[in-house]
Number of protein chains: 2
Amino acid sequence: MTTSDEASQTGPGERITEAEHAVMEVLWDRPRQTAAEVCEDVCATRGWSLATVKTLLSRLVQKGAAAAEPDGRRFLYSPLIAREDYVGGESRRLVDRLFGGSAASLVAHLAETEALTADDLAEIEALLKELKS
Amino acid sequence: MTTSDEASQTGPGERITEAEHAVMEVLWDRPRQTAAEVCEDVCATRGWSLATVKTLLSRLVQKGAAAAEPDGRRFLYSPLIAREDYVGGESRRLVDRLFGGSAASLVAHLAETEALTADDLAEIEALLKELKS
DNA sequence: TCGCCATGACTACAGGTGTAATCACAAGAG
DNA sequence: CTCTTGTGATTACACCTGTAGTCATGGCGA
């Protein structure tokens with residue numbers, strides 16, 4: 001179940017784009033927010049208008065990645081797919097595409113290009129110890 | 001120089017798309033190929049026509065990711081950016097976007113979601129030993 | 001009651017991407 | 001010398017993405 005299973009991401013296969021992902025992060029951070037609230041979180045940093053956020057939220061709902069729960073006049077938006085699933089899917093895609101599916105190769109690459117600090121290495125080492133127990 | 005430096009990818013900042021990447025892989029595998037040769041490698045697997053490959057090659061040249069060396073009537077295409085640079089850039093993007101720039105977090109995630117096989121773990125362990133020496 | 005405002009739905013639109021057909025043209029076959 | 005054929009250049013076009021404006025409508029303050 002490594003390179004195969006495409007539509008595994010909990011929601012329907014629909015891919016989430018980068019802009020949409022930014023919105024998802026806000027929803028993951030705190031579910032049940034209105035469009036305006038989400039905007040407060042991202043509009044500043046990304047230079048977006050409220051309209052943009054609304055569009056992205058709609059698209060996320062369409063894609064089955066977020067839920068819109070009616071609350072009087074407006075909607076409260078919540079994530080429908082778990083962050084872990086998304087992150088896992090994206091990671092796997094990268095590993096499959098660039099490292100022939102070998103996660104170890106990715107780690108090796110990060111290490112070789114010095115993308116890993118000494119702290120990183122220590123952390124990973126600790127992690128490995130834990131995993132082996 | 002971790003989260004900052006955008007246009008680091010050797011070639012100009014122009015992003016390489018997934019379809020283009022498939023072509024780059026062929027060029028990395030063996031430089032100085034004609035469009036037809038590249039097609040032989042990818043057209044079957046991706047279900048592309050020669051025309052598609054030509055378009056992608058042109059775009060890669062435009063983006064400064066590949067070079068077209070005239071050879072009589074045709075061109076021999078070669079990669080201009082190193083695979084390592086590309087892979088590194090993509091990996092970094094992922095780590096920055098999904099793991100707050102912490103490569104260790106990525107490894108942790110892979111481990112937790114069991115994306116790492118026992119072999120992977122052993123390999124990584126060996127790697128770490130080597131790095132510490 | 002009446003108009004304003006917040007809000008989602010719908011529409012817009014430029015630029016990127018995937019995929020390809022068509023055009024022009026030069027080298028080689030006959 | 002002419003016709004075919006391989007080749008890059010040009011053009012095409014639908015769909016996706018980022019970004020946003022407009023519209024209709026219902027609730028709320030005056």
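These numbers come from the heavy atoms of this one structure, side chains and all, not from hydrogens, waters or symmetry mates. Each chain gets a letter, A, B and so on, in the order its sequence line appears, and its residues count up from 1.
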**Student:** Extract all donor-acceptor atom pairs below 3.5 Å that involve side chains of residues 115-130 of chain A and protein atoms in other chains or at least two apart in sequence.
**Tutor:**
from	atom 1	to	atom 2	distance (Å)
T117(A)	OG1	D119(A)	N	3.3
T117(A)	OG1	D120(A)	N	3.0
T117(A)	OG1	D120(A)	OD2	3.3
D120(A)	OD2	T117(A)	N	3.1
E125(A)	OE2	K132(B)	NZ	3.0

**Student:** State which residues pass ring pair (Phe, Tyr, Trp, His ring centres under 6.0 Å) with W28(A); sequence neighbours excluded, sorted by chain then number.
**Tutor:**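 Only Y86(A) meet the ring pair (Phe, Tyr, Trp, His ring centres under 6.0 Å) criterion with W28(A).
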**Student:** Can you name the residues that form a side chain to side chain donor-acceptor pair (under 3.5 Å) with R74(A), not counting sequence neighbours?
**Tutor:**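 Counting only residues at least two positions away or on another chain, R74(A) forms a side chain to side chain donor-acceptor pair (under 3.5 Å) with D71(A).
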**Student:** Which two nucleotides bound the region of DNA chain C that has atoms under 4.0 Å from heavy atoms of chain A, read 5' to 3'?
**Tutor:**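 Footprint of chain A along DNA chain C, 5' to 3': dT7(C) to dA12(C).
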**Student:** Please check if the side chain of E37(A) supplies one atom and the backbone of T34(A) the other of a donor-acceptor pair under 3.5 Å.
**Tutor:** yes
**Student:** Listed by chain and number, what are the side chain to side chain donor-acceptor pair (under 3.5 Å) partners of R83(A), not counting sequence neighbours?
**Tutor:** E25(A)
**Student:** Quick one: label T52(B) by what it contacts on the DNA or RNA (base, sugar-phosphate, nothing), any heavy atom closer than 4.0 Å.
**Tutor:**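 If one applies the 4.0 Å heavy-atom cut-off, T52(B) turns out to touch a base.
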**Student:** Specify the residues of residues 34-46 of chain B, ordered by number, for which at least one heavy atom lies under 4.0 angstrom from an atom of DNA chain C.
**Tutor:** none
**Student:** Going by side chain to side chain donor-acceptor pair (under 3.5 Å), name the residues that satisfy it together with E69(B), two or more places apart in sequence or in a different chain.
**Tutor:** R32(B)
**Student:** Anything under 3.5 Å between a protein N or O and an N or O of nucleotides 24-30 of chain D, put it in a table, one pair a line.
**Tutor:**
none

**Student:** If we ignore hydrogens and angles and just use 3.5 Å, is the side chain of Q33(B) paired with the main-chain N or O of V26(B) as donor and acceptor?
**Tutor:**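 Side chain of Q33(B) to backbone of V26(B), a donor-acceptor pair under 3.5 Å: yes, one is there.
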**Student:** Output all residues satisfying side chain to side chain donor-acceptor pair (under 3.5 Å) with S102(B), sequence neighbours left out; order by chain, then residue number.
**Tutor:** S105(B)
**Student:** According to the ring-ring contact (aromatic ring centres under 6.0 Å, His included) rule, which pairs have a member within residues 48-69 of chain A, sequence neighbours left out?
**Tutor:**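 Not a single pair qualifies under ring-ring contact (aromatic ring centres under 6.0 Å, His included).
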**Student:** Any ring-ring contact (aromatic ring centres under 6.0 Å, His included) involving residues 108-133 of chain A? Give me the pairs, sequence neighbours left out, ordered by first then second residue.
**Tutor:** F99(A)-H109(A)
**Student:** Just to be sure I understand the geometry, which residues of residues 53-60 of chain A put a non-hydrogen atom under 4.0 Å away from DNA chain C?
**Tutor:**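 Of all residues in residues 53-60 of chain A, the ones placing a heavy atom under 4.0 Å from DNA chain C are K54(A), R59(A).
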